[in-house]
Amino acid sequence: MSADQFLSLARLAEELGAQLVGDPQTEITGLATLQDAGPGELAFLANAQYRKYLADSRASAVLLTAQDAEGFAGNALIVADPYLTYARLSHRFDRKPRAAAGIHPSAVVAASAQVDVSASIGPGVVVEEGAVIEAGVSVGAQCFVGARSRIGAGGWLAPRVTLYHDVSIGERVVIQSGAVIGSEGFGFANQGGTWQKIAQIGGVRIGDDVEIGANTTIDRGALADTLIGNGVKLDNQIQIAHNVQIGDHTAMAACVGISGSTRIGRHCMIAGGVGMVGHIEVCDNVFVSGMTMVTRSITEPGAYSSGTAMQPAGDWKKSAARIRQLDGMAKRLQQLEKQLEQVTQASSDSSNA
Amino acid sequence: MSADQFLSLARLAEELGAQLVGDPQTEITGLATLQDAGPGELAFLANAQYRKYLADSRASAVLLTAQDAEGFAGNALIVADPYLTYARLSHRFDRKPRAAAGIHPSAVVAASAQVDVSASIGPGVVVEEGAVIEAGVSVGAQCFVGARSRIGAGGWLAPRVTLYHDVSIGERVVIQSGAVIGSEGFGFANQGGTWQKIAQIGGVRIGDDVEIGANTTIDRGALADTLIGNGVKLDNQIQIAHNVQIGDHTAMAACVGISGSTRIGRHCMIAGGVGMVGHIEVCDNVFVSGMTMVTRSITEPGAYSSGTAMQPAGDWKKSAARIRQLDGMAKRLQQLEKQLEQVTQASSDSSNA
Amino acid sequence: MSADQFLSLARLAEELGAQLVGDPQTEITGLATLQDAGPGELAFLANAQYRKYLADSRASAVLLTAQDAEGFAGNALIVADPYLTYARLSHRFDRKPRAAAGIHPSAVVAASAQVDVSASIGPGVVVEEGAVIEAGVSVGAQCFVGARSRIGAGGWLAPRVTLYHDVSIGERVVIQSGAVIGSEGFGFANQGGTWQKIAQIGGVRIGDDVEIGANTTIDRGALADTLIGNGVKLDNQIQIAHNVQIGDHTAMAACVGISGSTRIGRHCMIAGGVGMVGHIEVCDNVFVSGMTMVTRSITEPGAYSSGTAMQPAGDWKKSAARIRQLDGMAKRLQQLEKQLEQVTQASSDSSNA
């Protein structure tokens, strides 16, 4: 059923297993926040911070917990977790075009490639020798699928995604536009000051239910494969170097850079702009805050940070200058402690004299 | 008139409304800096720092203020603002190819798309259902224009730009190669440790006279639209997350990352590599220096910074080690102050005794 | 000879000029690390840290120095520099597809473009007026080569690379997918709060043996050309602004950003995430550590850093708060020193009294 057809609150309650309070014939035509919602729109309350908008919301109905629904006069769908219910419901109102099965006549598909009949290959797509595209996959316009690469069932590639050769992608993987998977990593041997290229002969293996953001890059392995676990979510403009391993269900926000051969555990959350040096290990359940530089392995779950807090530029200049004097300050502090102890001692001696 | 035709200094003076000093028949064939200019080239002096190059410049003529022209023996065009005049004049010497109107035969344009007859659609371009491309727009080779997206009159897209569906772009907007507008933002609800995708059902709305750099990414809104104001200039490799709002005439240098739902005011200047957390507000007329991490709202105009100053690595290691001891140092300092007060007090007491 | 044909250790030793110890008939089918290698695979020992894996490696043979080979019971190829030998050998086992010479029928090549008969132009490629593609060049699928651009002999472009107009590339240059060379840099003149675009009329000149990573962007010059020296290696997602100059054999790791007109010397190594402001100079043989912000010229070779070391978030919050108090702390420290001197002086005076 498309979002354009009549959808009653009663029907929605039934689908979601929600308790309906209010008029079952209310028509729902879209989703919005409590503040922005207008007639026909369903809103949700998932964060106590937005409770203040509930009473005045113009939404036709609101997804609420039983507790939040108390005293609410409007139409409500009562569910255990409004945010998860909203997440689930959001797909019903998604106007993202669904491509029809089949290969567009302008696509260039190698004779030895296997494309499932239920897959969609968009205009201008290039699929090379021995590639495999499984059932229900949608390959957006102008994508490139390299030799012997495989896209598992149910995958969705936005337009203009590059998969080099020997990239293996699990099921239901979503890749945004401009992402590059399997590029040749930064492998050079220094010979008397010049750099000799090392062929990158490994591939990339990506698990199921992974999401890869726009213009994110994942290098192929130097020898073994680069590995991305199941359920990993990578935001935009992330750089994953050769032979990195990322554990299942780890999420990274935009602009993160992970250097070569670093291994990250499961269920980690890496905030935006974080950098990690190569050849370290980060254990499971680690949270790294925004723009932190991770220069050593992390062996204990928990939250980690680096950097300094923002200040007005005038104050910051003073702080920055002082940081450069910090080693000297520390030594002067120690010196003062010694001197004061001597003074106190002397004073005590003279008192006792 | 193309740069290849004869252009006299007299004609240039007339076009620019400049006062000519020197030979009106001097031919101008190009633009260059004072240091690099050779015969036929027009240079400019806009920054006092470069005044030292004026006397020895081999330029055939120089754009100058009346003040800087005093005592200059060469040909000069005297204007109020040489830098602005240079900016205006630069377009005359731009060798960027201008595409002819019409749709290249290799482009794939949906029947329901509307392409103005004066627009140019390059080779390999894909335009989807219901898209609108207005008068004088140039869509470079291999671009993708998603369903129902709109490009306002006079726009210029370099090759290989992606607009997803429901992206609305104002007039005279320039977008560099590899930029992605309307990608699905990083929206997931955590359900017992795994991430459930939230469909991103908002769009992107971009104002007039905006410039978007190479490989910059702008995510579509989760529910409402992501908003980029009029006259906004975004450099390369910038990441704008879902539901960010950027005020008119704000400029951002390369590699900036703005997290979801953050609102930035008008006439701000955000230097390269800055990161901002989500859900904050930055007021008008704020300058943020390079690589600053903005972790809270900014409510006062002015300049802001974070980070530490660069040092030789040996010194830096000492500073970095001391920063980790800083809380302890602060407590020891306080302790010293107390002790010294006691000593001084005791000494004073004993003097008074 | 392809990796699929029989390759004996004896033959490999001959090719590499290596001393063979062990069974000359051993078949080598691939390369792997000491830890991962299995039957048929050749491993190497280049880093003392991995020596512990040597004895138990299942590799069919190992590249070793004479010193490391002492006491090793397995098959060995003894060479002076195992890492360089591995680098050289890696290309033999690279399964990267080699494109056949010729122009794919779906490519769009301007009549005035010159394409050498030994060059390969992939599907969907667009080559514009006056472009020159020299002998043995491979232009991957969906690349764009702008007007009057030139790719020197032996170059290799991955799919989906953009070269704007007037980009000149030396011999044997490798460019990964999504890279953009020659984009219009961030040039605007401020006129009463709004930004007037300055046409970017310079080009880009790139030397021989350069490597450019995935989604890296290099802007064209504003007036003169942006310059990349011979043997320069740029990793993924690097941003090079207009009129930057990079000296020969300098290497940059991923996510580096260099602002406009900055000049970097030869044989520098710039680690990941480094940012440099514009209009500075960095001399030869400089190493800059990860995520350092370079805000001034560097005139002495050596290593440079900025930033703070990572801490557990709780400790970091304390450090960050203290940094903001640092100027006050420094003044209090100075005050303490004065007071203590007075106390000591007074105490000394009273002792002498």
Side-chain angles (χ1 to χ4, degrees), chain B residues 31-33 36 83-84 86-88 90-91 93-97 106 122-124 141-142 158-160 174 176-178 211 213-215 231 233 235-237 249 251 253-255 267 272-273 290-291 307-313 316 320-321 323-324 326-327 330 333 336-337 340 343-344 347, chain C residues 108 124 126 128-129 142 144 147 160 162 164-166 178 180 183-184 186 188-189 191 193-199 201 215 217 219 223-224 237 239 241 257 259 275 277 289 292-296 302-309 311 318-319 322-323 325 329 332-333 336 339-340 343 346-347:
Chain B
L31 286 179
T33 61
D36 290 341
Y83 196 62
L84 266 180
Y86 150 60
R88 182 177 156 200
S90 65
H91 297 275
F93 296 98
D94 194 358
R95 296 187 74 207
K96 180 159 77 168
S106 65
Q142 304 155 331
R160 239 172 29 77
V174 171
Q176 304 292 333
S177 190
E211 179 124 2
N215 283 352
K233 309 298 179 187
D235 198 353
N236 296 354
Q237 299 202 37
H249 308 297
C255 306
H267 298 290
M291 294 179 78
T308 79
M310 184 182 71
Q311 296 181 274
W316 174 81
I323 286 172
R324 297 172 64 173
L326 205 46
D327 192 51
L333 185 62
L336 272 181
E337 287 169 331
L340 190 60
V343 167
T344 313
S347 156
Chain C
V108 177
V126 175
E128 298 226 304
E129 296 291 342
Q142 303 155 334
F144 177 87
R160 236 170 33 74
T162 301
Y164 279 59
H165 52 287
D166 296 309
V180 175
S183 39
E184 296 177 3
F186 206 59
F188 301 96
Q191 184 175 30
T194 70
W195 300 100
Q196 305 303 317
K197 185 178 174 82
I198 299 168
I201 64 181
N215 283 350
T217 51
D219 286 332
L223 287 166
Q237 298 200 38
Q239 151 68 1
S259 304
V277 300
S289 70
T292 291
M293 176 70 182
V294 182
T295 49
R296 57 180 173 80
Y304 296 84
S305 303
S306 75
T308 78
Q311 297 182 273
K318 288 181 194 168
S319 299
R322 294 303 188 189
I323 287 172
Q325 302 164 3
M329 279 175 64
R332 285 161 56 198
L333 185 62
L336 271 182
Q339 290 178 342
L340 190 58
V343 168
S347 158

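We name chains A, B, ... by the order of the sequence lines, and we start the count at 1 in each one.
What you find for C:Ala309 and B:Ala320 is that their closest heavy atoms are N-CB, 4.3 Å. The minimum heavy-atom distance linking B:Ile323 with C:Ser319 is given by the pair O-OG, 3.4 Å. Contact detail for C:Gln239 and B:Ala254: the closest heavy-atom pair is CG-CB, 3.5 Å. The heavy-atom pair separating B:Trp316 from C:Ser306 by the smallest distance is NE1-C, 3.3 Å.
In this structure, NZ in B:Lys233 is found 7.5 Å from NZ in C:Lys197, a value given to the nearest 0.5 Å.
Contact annotation for C:Ser259: neither backbone nor side-chain heavy atoms come within less than 4.5 Å of a heavy atom of chain B. Interface remark: B:His91 contributes backbone and side-chain atoms alike to the contact with chain C (heavy atom separation under 4.5 Å). Residue C:Glu129 does not touch chain B at all, counting heavy-atom pairs closer than 4.5 Å. Looking at B:Asp327, both its backbone and its side chain come within 4.5 Å of chain C, counting heavy atoms on both sides. Proximity to chain B (any heavy atom under 4.5 Å) is shown, for C:Val277, by neither the backbone nor the side chain.
No donor-acceptor pair closer than 3.5 Å links the side chain of C:Gln196 to the backbone N or O of B:Leu84. Distance alone, capped at 3.5 Å, is enough to place a donor-acceptor pair between the B:Asn215 side chain and the C:Gly178 backbone. Side-chain atoms of B:Glu337 never come within 3.5 Å of backbone atoms of C:Leu336 as a donor-acceptor pair (strictly under, hydrogens ignored). Of the possible polar contacts, one joining the C:Tyr164 side chain to the B:Ser177 backbone as a donor-acceptor pair under 3.5 Å is found. Judged by distance alone, the side chain of B:Gln142 and the main-chain N or O of C:Arg160 form no donor-acceptor pair under 3.5 Å.
Residues satisfying the ring pair (Phe, Tyr, Trp, His ring centres under 6.0 Å) criterion with C:Tyr304, sequence neighbours excluded, are absent altogether.
Looking only at side-chain heavy atoms (C-beta outward), C:Arg332 and B:Leu333 come within less than 4.5 Å of each other.
Between B:Thr344 and C:Gln339, the side chains place no donor N or O within less than 3.5 Å of an acceptor N or O (distance only, hydrogens not considered).
For the set B:Gly272, B:Gly213, B:Ala32, B:Gly273, the entry with the most heavy-atom pairs within less than 4.5 Å of chain C is B:Ala32.
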